[in-house]
Structures are given as structure tokens and as C-alpha cells.
Amino acid sequence: MRFMETPDTPENTAAAAGAAQAPEPTEALTGIAAQDWARASADPQYRAAVVDLLGVLAYGELAAFERLAEDAKLAPTLDDKAELAKMAAAEFQHFQRLRDRLTAIDAEPTGAMQPFAPALDEFHRQTAPSDWLEGLVKAYVGDSIASDFYREVAARLDSDTRALMLTVLDDTGHASFAVEKVRAAIEADPRVGGRLALWARRLMGEALSQAQRVVADRDTLSTMLVGGVADGFDLAEVGKMFSRITEAHTKRMAALGLAA
């Protein structure tokens with residue numbers, strides 16, 4: 001994944017890491033990526049895959065809202081609590097946009113989300129933070145890994161779906177806020193860094209495993225990824241995709257002052 005060359009300051013490192021996206025296409029868009037929803041959705045397999053994709057994203061945003069609202073209780077100051085509440089509100093707005101889009105394409109939102117609720121709930125149960133700092137690292141590192149994965153997929157979708165996905169995957173303020181707070185905590189007590197580095201590595205593993213489980217459990221999504229629907233990835237591209245996601249994770253860890 002390519003990043004602009006910027007001075008290696010915490011602010012610029014955070015901005016670069018937080019803005020990690022799938023690479024821009026170097027050639028003119030072709031296939032599904034060159035079509036709008038009206039044309040692309042004529043293929044029932046593609047339509048089903050997009051409904052699943054929007055469903056898992058919608059539930060992910062709803063779960064993120066709930067988690068951030070809960071994490072706000074751990075905040076050490078009133079300002080920190082308010083900041084997390086603002087992030088939670090942004091996640092809920094993203095959820096509403098996805099829910100409205102599902103309705104607009106004649107898909108029932110609850111039915112679209114329900115198949116993914118158990119896996120996502122289990123992920124959040126297994127990665128429940130034990131304190132304020134772990135919650136920040138999860139919001140910044142864990143959520144960003146999932147967002148990178150979905151951005152990679154979005155690059156190959158119809159223009160309307162792609163635009164919506166990139167909007168709801170936009171950073172809600174996690175990056176600069178988390179970097180500032182985590183760096184300050186490590187500066188105050190360097191021992192914190194080792195614990196948070198281990199926590200972030202665990203999040204990386206769990207997030208990738210969860211994404212693989214979700215895709216494997218839904219034929220529409222797995223078929224989309226390997227090219228049976230839309231312009232999916234071949235095996236070589238899958239490897240490159242995960243390399244880009246890993247590289248972005250390493251940059252985010254550096255932004256936090258942690259070893260990848």
C-alpha cells in the first residue's frame with residue numbers, strides 16, 4: 001500500500017496510517033467497477049453479494065456504536081467521555097446510511113444484518129478491552145484492519161455501492177485522538193507500551209480470523225472475493241491484499257509508538 005512521503009511526526013504518521021486505503025486503479029475502470037448500481041444489480045448473484053456486504057457493514061457500525069458508548073464509561077475525564085460519545089454518534093450515522101441504502105434497494109435491513117450478528121458479537125466478546133487504553137487501541141487498530149479489508153473489496157464494486165462504502169468507512173476521529181492519548185500514556189509509563197503492543201497483535205489476529213470466518217460462511221461473499229461475482233481477486237491478488245493490510249497495520253502501530 002502506497003503512502004505519501006511526509007515528515008515522520010506523530011501527527012503525520014497518524015494521518016497517513018488512518019487514511020490507509022485500497023490502491024487507486026492505475027487503468028480505466030472495467031467490468032462491474034465501471035457500472036452503476038442500476039446496471040450491476042441486474043445480476044442476481046451480484047445483488048445478493050452486495051446485500052450481504054451492506055448487511056455485515058451495517059451490523060459492524062451498529063456494534064461499533066454500542067462499543068464506543070460503553071467504552072466512554074471507562075474514560076478518565078469528561079472531555080474524553082465526550083470525545084468517545086461523538087465518535088459513537090458518527091458510527092450510528094454510518095449505520096443509518098447503510099440501513100437506508102438496504103431499504104432503498106428493497107432489502108430488509110434486519111434480515112440482511114442478522115446472519116453476521118453472531119460472528120461479530122463473538123469477536124467483540126473475545127476482544128473486550130479491560131481498560132481505557134485497550135479500548136482506544138481496539139477502536140484505532142482493530143476497526144482499521146476491518147476497514148482496510150472492506151476498502152479493498154469496495155474498489156471492485158459498482159460506483160454507487162463503492163461510494164457509499166468509502167463514506168461509511170471514513171475515520172470518525174479515532175486516529176488522532178487514539179494516537180495522542182496512547183502516546184501520552186506510554187510517555188508517562190513506558191511499561192504500558194509492551195502490554196498494548198501485545199494487545200494490538202492479538203487484535204490483528206482476531207480481526208483477520210473474523211473476516212475470514214464471515215467470508216467463508218457466506219457463499220455470496222466468498223464467490224465475490226475470488227472473482228465469481230464482479231471483478232474479484234485471484235490468489236496472487238489475495239496475497240497482495242493481505243500484505244497491504246499488514247503494512248497499514250504496521251504503520252498504525254508505529255503511529256501509536258508500539259512495535260508491530
Side-chain angles (χ1 to χ4, degrees), residues 41 44-74 84-85 87-130 134-154 157 161-162 164-172 174 199 202-226 229 245:
S41 61
Q45 283 186 297
Y46 178 76
R47 184 186 184 282
V50 169
V51 169
D52 271 354
L53 197 57
L54 297 181
V56 68
L57 271 173
Y59 191 77
E61 294 290 345
L62 183 59
F65 158 73
E66 293 177 320
R67 191 188 73 248
L68 286 169
E70 187 68 21
D71 288 351
K73 298 176 183 178
L74 302 172
L84 277 194
M87 294 180 194
E91 299 287 11
F92 191 76
Q93 289 175 350
H94 289 170
F95 160 73
Q96 289 178 308
R97 293 192 66 165
L98 290 161
R99 181 191 60 189
D100 292 346
R101 178 60 179 168
L102 283 164
T103 300
I105 63 174
D106 297 323
E108 202 282 308
T110 300
M113 292 188 290
Q114 189 60 53
F116 307 103
L120 291 176
D121 288 347
E122 179 62 15
F123 168 74
H124 288 303
R125 187 191 67 78
Q126 292 179 351
T127 58
S130 62
E134 286 190 2
L136 286 181
V137 171
K138 180 178 178 180
Y140 178 49
V141 173
D143 290 358
S144 295
I145 294 167
S147 293
D148 286 348
F149 173 75
Y150 290 124
R151 284 191 186 98
E152 292 276 354
V153 176
L157 302 179
T161 303
R162 180 169 66 248
L164 173 63
M165 285 182 62
L166 293 179
T167 297
V168 301
L169 292 171
D170 195 23
D171 176 45
T172 58
H174 295 59
W199 171 243
R202 178 184 169 194
L203 289 171
M204 175 71 169
E206 292 286 352
L208 291 178
S209 295
Q210 185 250 355
Q212 291 168 350
R213 285 195 299 270
V214 167
V215 171
D217 287 346
R218 301 295 291 184
D219 289 342
T220 55
L221 295 181
S222 58
T223 302
M224 173 184 283
L225 279 181
V226 297
V229 175
I245 291 173

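All residue numbers in this chain count up from 1 along the given sequence.
- Taking the side chain as every heavy atom from C-beta outward, V56 and Y150 approach each other to under 4.5 Å.
- Within the model, atoms OG1 of T127 and CD of E122 stand 9.5 Å from one another, a figure rounded to the nearest 0.5 Å.
- Distance check: D71 CG to E134 CD gives 10.5 Å after rounding to the nearest 0.5 Å.
- In this structure, L68 and E91 approach most closely via the heavy-atom pair CD1-CG, 3.7 Å.
- Shown here for P115 and G111, the closest heavy-atom pair between the two residues is CD-O, 3.2 Å.
- For the pair R97 and T167, the tightest heavy-atom approach, listed with the atom from each and the gap, is NH1-CG2, 3.1 Å.
- Atom CG of L208 is separated from atom CZ of F149 by 9.0 Å, given to the nearest 0.5 angstrom.
- Atoms CD1 and OG1, on I105 and T161 in that order, are 6.5 Å from each other to the nearest 0.5 Å.
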Run the side-chain contact (heavy atoms from CB on, under 4.5 Å) test on R67 and E70 for me, step by step, so that the C-alpha distance in whole Å, both residues' side-chain angles and the decisive distance to 0.1 Å come before the verdict.
CA-CA 5 Å; R67 191 188 73 248; E70 187 68 21; 5.6 Å; no

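- Contact record, A88 with A69: CB-N, 4.0 Å, taken as the closest heavy-atom pair.
- Nearest heavy-atom pair, Y59 versus D121, reported as atom, atom and distance to 0.1 Å: OH-OD1, 2.7 Å.
- Side-chain contact between V50 and R47: absent, with no pair of heavy atoms (C-beta onward) separated by less than 4.5 Å.
- With rounding to the nearest 0.5 Å, the separation of CG in L54 from CD in E61 is 11.5 Å.
- Atoms CE and CD1, from M204 and I245 in turn, are 7.5 Å apart once rounded to the nearest 0.5 Å.
- Between D52 and R218, the shortest heavy-atom contact is OD1-NH2, 2.9 Å.
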Given side-chain contact (heavy atoms from CB on, under 4.5 Å), test M165 with R162 step by step and report yes or no.
CA-CA 5 Å; M165 285 182 62; R162 180 169 66 248; 5.9 Å; no

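- Remark: of the listed residues K138, E66, E206, Q210, K138 is the sole one forming a side chain to side chain donor-acceptor pair (under 3.5 Å) with H124.
- Among pairs with a residue in residues 109-119, none fulfils salt bridge (charged side-chain N to carboxylate O under 4.0 Å, His left out), at least two apart in sequence or across chains.
- Counting heavy atoms from C-beta outward, F95 and L57 have side chains that stay 4.5 Å or more apart.
- Listed by first then second residue, pairs satisfying side chain to side chain donor-acceptor pair (under 3.5 Å) with a partner in residues 100-118 number zero, not counting sequence neighbours.
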